[in-house]
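Below is one structure, written out as structure tokens, with a few remarks after it.
Order of the sequence lines fixes the chain letters, A, B, ..., with proteins taken first and strands second; residue numbering starts at 1 for each chain. Given the structure is predicted, the values throughout are model-derived calculations rather than measurements.
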Amino acid sequence: MDDVLAQFTAEVTRALVATGQVPADLIELATPKPNIPTDLAFPTFKAAKALGTAPPALAAALAAALTLPPDGLTGTVTTFGPFLNFSLHPERLAVAVISLIRATGAHYGHQQIGAGRRMVVDYSAPNVAKRMHVGHIRSTIIGQALVNVHRALGYTVIGDNHLGDWGKQFGVVLASVERDGTPTGQGEAVLAALEAQYARYAADAKADPALDEHARLWSLRLEQGDPQARALWQWSVDLTMDAAQRNYDRLGVAIDHAYGESFYEPMLAEVIQAALDHGVAFREAGGAVVVEALDQMPTFLLQRSDGGTLYMTRDVATIHFRVREFQPTHIVYVVGEPQALHLRQLFALVRTMGYAKTTELTHVAFGTVFDSAGQPLSTRRGNMVYLETLLDDAVSRARAVVEQKSPELPAAEKQAVAEAVGVGAVVYNDLYQDPKRNLTLDWERMLATEGNSATYLQYSHARCRSILRRAAEDGSAAQPDALALLIHPSETRLLKHLARLPEAVREAGKRYAPFVIADWCYTTAREFGVFFEQCPVLKAESPALRAARLALVAATATALKNGLSLLGIKAPERM
RNA sequence: GGGGCUGUAGCUCAGUUGGAUAGAGCAGCGACCUUCUAAGUCGUUGGUCGCCCGUUCGAGUCGGGCCAGCCCCGCCA
């Protein structure tokens, strides 16, 4: 089913072509900026030039010659100099938009443009034996939103959690466990303990070469499949995933697979050999396998001189595996901007090797998180913020606000609202702006309950639901409606914006930019806020108008909830 | 030295096939709760779109050159 604006555009295009005065390939319609009081414009500059006439003359001639369908979505047609402007017909807009939202419900905004395409999304990727921190939250939250958006667009999406469960540092993890024992506890607390003993061991090893050598030995035992090393490693993987899962559950994150780096260990020799055979890489005198001067990019390694592999090696193997296993049309990496060069090199290498001939490879780069003093967050600086404590803190602050604003709610509901609001604030903080910008962790901004904030969006939804609940209680919800009565300017503005959700979802997918949907949600909430002030619903002048406004409120609630759901934000019924 | 990202109001950000008068929020000032949730709404203050040049009917948007901030550039991930 075409969305309303697509129908409108098609209708206008058909009418323009039917005049016989302008060929279809010269018709480029534009959506004017919000400050321009029209809904669709035909800037006639190019067409006029091609036809050898003046733009204002062409606009006027077309306006005179146009015949629009009498029952269509187009209302008035006007000219403004060289611009030929089309406005939506308020009554028919209301009927079309609300009917479509009613018919599609929780799927309003969903479409099928991605049908038949398969997308692997690589996101989250926590490191085993470490807590998830703000660096992982960006990948996790942006990645899940992109998964949601592309599923809504009809793509078959496969999420893959590329766990950092391999590499040299595991020798230190295992050696420290051997020396200091296995910490016990729940969630991130036990991981914190493990991190601490890792740090102690690493520090001691700097002074004591024997400890360093011992860690190297554990690393080797692990790579060779030694049962004891393997068992300890598995224990740390399970521990990490348990803790991560608690965070994922709260964030509405569900990742289909977790093929960690370790999974690719058996495929690495083949990858190195293939690169050598192909000639894209060579083995230098010291033994290292080198890729040089690929697409003017800096040299990098596929194998260390001591025979060890690198994350590049595993990443090549990962693409090779994903292509064979999933036959994806797209692979999307939700990885920080500092790794941009690495991924460009990776993509260039697999292209050269012929591993991903028909797969589009995309790096969705996100910026670095800074603290309020402008310092990057790092364990070493001591300003690191961990995901679980971040969520807990946000929820407890939200709880205080709920206590103050809605003391009448039952305790269990207060807690549920606080969880939705607190977690929503953290999620929204990562989704309200373009991911490639750097982000400042600003508690005031993040936990704001006004302006462009998750809380404001949730509040707007709750207000809709509140009206609908009252209507259901007094029985007025059952009245027959007359949607064509919705012609108040604030109603029309709201309806026009509701009509834009499908387009916003498409754009968010195309640009890998969830903030497009966040923006849509925000504008929806604003337009609803104006409508709420200006148009009484339950006390509307007539039963028919009340019923029509109730339908608009219901449509707004549905659409807003859909938008929030794509972002992974819950929409409580009351708050 | 080479490369990437960013630069729009005091602060945080939108502005994407070039198009009309560059938009929000926060902060500041002022107004509105006997009417559906004031976590709201309205008004107002605030701009050399980093700088210069170019492309053209038209540039915040495209191209080139500078400037500033962050990041990356073989044996970590």
Protein-nucleotide distance ([X], atom [atom1]; [N], atom [atom2]), rounded to Å:
{"X": "A:R216", "N": "B:rC76", "atom1": "CZ", "atom2": "P", "answer": "10 Å"}
{"X": "A:Y456", "N": "B:rA38", "atom1": "OH", "atom2": "P", "answer": "12 Å"}
{"X": "A:L341", "N": "B:rG3", "atom1": "CG", "atom2": "C1'", "answer": "8 Å"}
{"X": "A:R344", "N": "B:rG74", "atom1": "CZ", "atom2": "C1'", "answer": "16 Å"}
{"X": "A:D39", "N": "B:rA20", "atom1": "CG", "atom2": "P", "answer": "16 Å"}
{"X": "A:K33", "N": "B:rA24", "atom1": "NZ", "atom2": "C1'", "answer": "14 Å"}
{"X": "A:Y459", "N": "B:rA39", "atom1": "OH", "atom2": "P", "answer": "5 Å"}
{"X": "A:L343", "N": "B:rC73", "atom1": "CG", "atom2": "C1'", "answer": "14 Å"}

Tell me which nucleotide among [options] gets nearest to the side chain of [X].
{"X": "A:E450", "options": "B:rC26, B:rC73, B:rA38", "result": "B:rC26"}
{"X": "A:K436", "options": "B:rU6, B:rA77, B:rG74", "result": "B:rU6"}
{"X": "A:K49", "options": "B:rA39, B:rC57, B:rG4", "result": "B:rC57"}
{"X": "A:F45", "options": "B:rC42, B:rG19, B:rC71", "result": "B:rG19"}
{"X": "A:L310", "options": "B:rU37, B:rC76, B:rU41", "result": "B:rC76"}
{"X": "A:D519", "options": "B:rU21, B:rC75, B:rA14", "result": "B:rA14"}
{"X": "A:Q169", "options": "B:rC13, B:rC36, B:rA77", "result": "B:rA77"}

Practice task
Taking the six-membered ring for Trp and the single ring otherwise, decide whether the centroids of A:Y333 and A:H162 are under 6.0 Å apart.
Solution key: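 Not under 6.0 Å, so no.
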Would you indicate what [X] reaches in the nucleic acid, counting non-hydrogen atoms under 4.0 angstrom: base, sugar-phosphate, or nothing?
{"X": "A:C464", "answer": "nothing"}
{"X": "A:L302", "answer": "nothing"}
{"X": "A:N85", "answer": "base"}
{"X": "A:L447", "answer": "nothing"}
{"X": "A:E261", "answer": "sugar-phosphate"}
{"X": "A:G164", "answer": "nothing"}
{"X": "A:V530", "answer": "sugar-phosphate"}
{"X": "A:A41", "answer": "base"}
{"X": "A:R549", "answer": "nothing"}
{"X": "A:M575", "answer": "base"}
{"X": "A:F515", "answer": "sugar-phosphate"}
{"X": "A:K405", "answer": "base"}
{"X": "A:D434", "answer": "sugar-phosphate"}
{"X": "A:E284", "answer": "base"}

Handout entry: B:rG60: syn or anti, per glycosidic angle within 90° of 0
Key =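 Anti conformation here, the glycosidic angle of B:rG60 being more than 90° from 0.
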Practice task
With syn defined as a glycosidic angle within 90° of 0 and anti as everything else, classify B:rC32.
Solution key: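 Chi for B:rC32 falls in the anti range.
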Problem - Donor-acceptor contact present, side-chain A:Y123 to main-chain A:L146, <3.5 Å - result: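 It does not hold such a pair.
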Which nucleotide, if any, forms a Watson-Crick or G-U wobble pair with [N], using both distances under 3.5 Å?
{"N": "B:rG19", "answer": "B:rC57"}
{"N": "B:rC42", "answer": "B:rG30"}
{"N": "B:rC5", "answer": "B:rG69"}

Problem - Residue whose closest nucleotide on RNA chain B lies nearer the 5' end, A:N127 versus A:Q433 - result: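 Going by which nucleotide is closer to the 5' end, it is A:Q433.
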Handout entry: 5'-most by nearest nucleotide on RNA chain B - A:F370 or A:P536
Key =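 Of the two residues, A:P536 wins.
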Problem - Verify stack between A:F83 ring and B:rA20 base, 5.5 Å, 30 degrees - result: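 Yes, A:F83 stacks on the base of B:rA20.
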Exercise for the section: Provide the distance between the two C1' atoms, one in B:rC62 and one in B:rU17, to the nearest whole Å. Expected result: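 Straight-line distance between the two C1' atoms is 12 Å.
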Exercise for the section: Please confirm whether A:R493 makes a cation-pi placement over A:F531, using NZ or CZ under 6.0 Å from the six-membered ring centre and within 45° of the ring normal. Expected result: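 Judged by the rule (NZ or CZ under 6.0 Å from the ring centre, within 45° of its axis), A:R493 is not positioned above A:F531.
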Practice task
Decide whether a cation-pi geometry holds between A:R445 and A:Y432; the criteria are a distance under 6.0 Å from NZ or CZ to the six-membered ring centre and an angle within 45° of the ring axis.
Solution key: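 Here A:R445 passes the 6.0 Å and 45° test against A:Y432.
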Handout entry: Result of checking A:T38, A:L16, A:L58 against A:L84 for side-chain contact (heavy atoms from CB on, under 4.5 Å)
Key =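 Among A:T38, A:L16, A:L58, the one that satisfies the side-chain contact (heavy atoms from CB on, under 4.5 Å) with A:L84 is A:L16.
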Exercise for the section: Could you tell me whether A:E403 and A:R399 have a side-chain N and a carboxylate O separated by less than 4.0 Å? Expected result: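 Looking at A:E403 and A:R399, the cut-off is met.
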Practice task
Would you mind checking if A:E503 and A:R500 are paired as a salt bridge, meaning a charged N to carboxylate O distance below 4.0 Å?
Solution key: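 Salt bridge between A:R500 and A:E503, a charged N being under 4.0 Å from a carboxylate O: yes.
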Exercise for the section: Work out which heavy atom in A:R138 is nearest to a heavy atom in A:G367; give both atom names and the distance. Expected result: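 That closest heavy-atom pairing would be NH1-O, 3.1 Å.
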Problem - hbond_proxy A:S305 side chain to B:rC75 base (donor-acceptor, 3.5 Å cutoff) - result: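 Present.
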Handout entry: Distance-only donor-acceptor test (3.5 Å): side chain A:D165, base B:rA77
Key =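 Such a pair does not exist between side chain and base.
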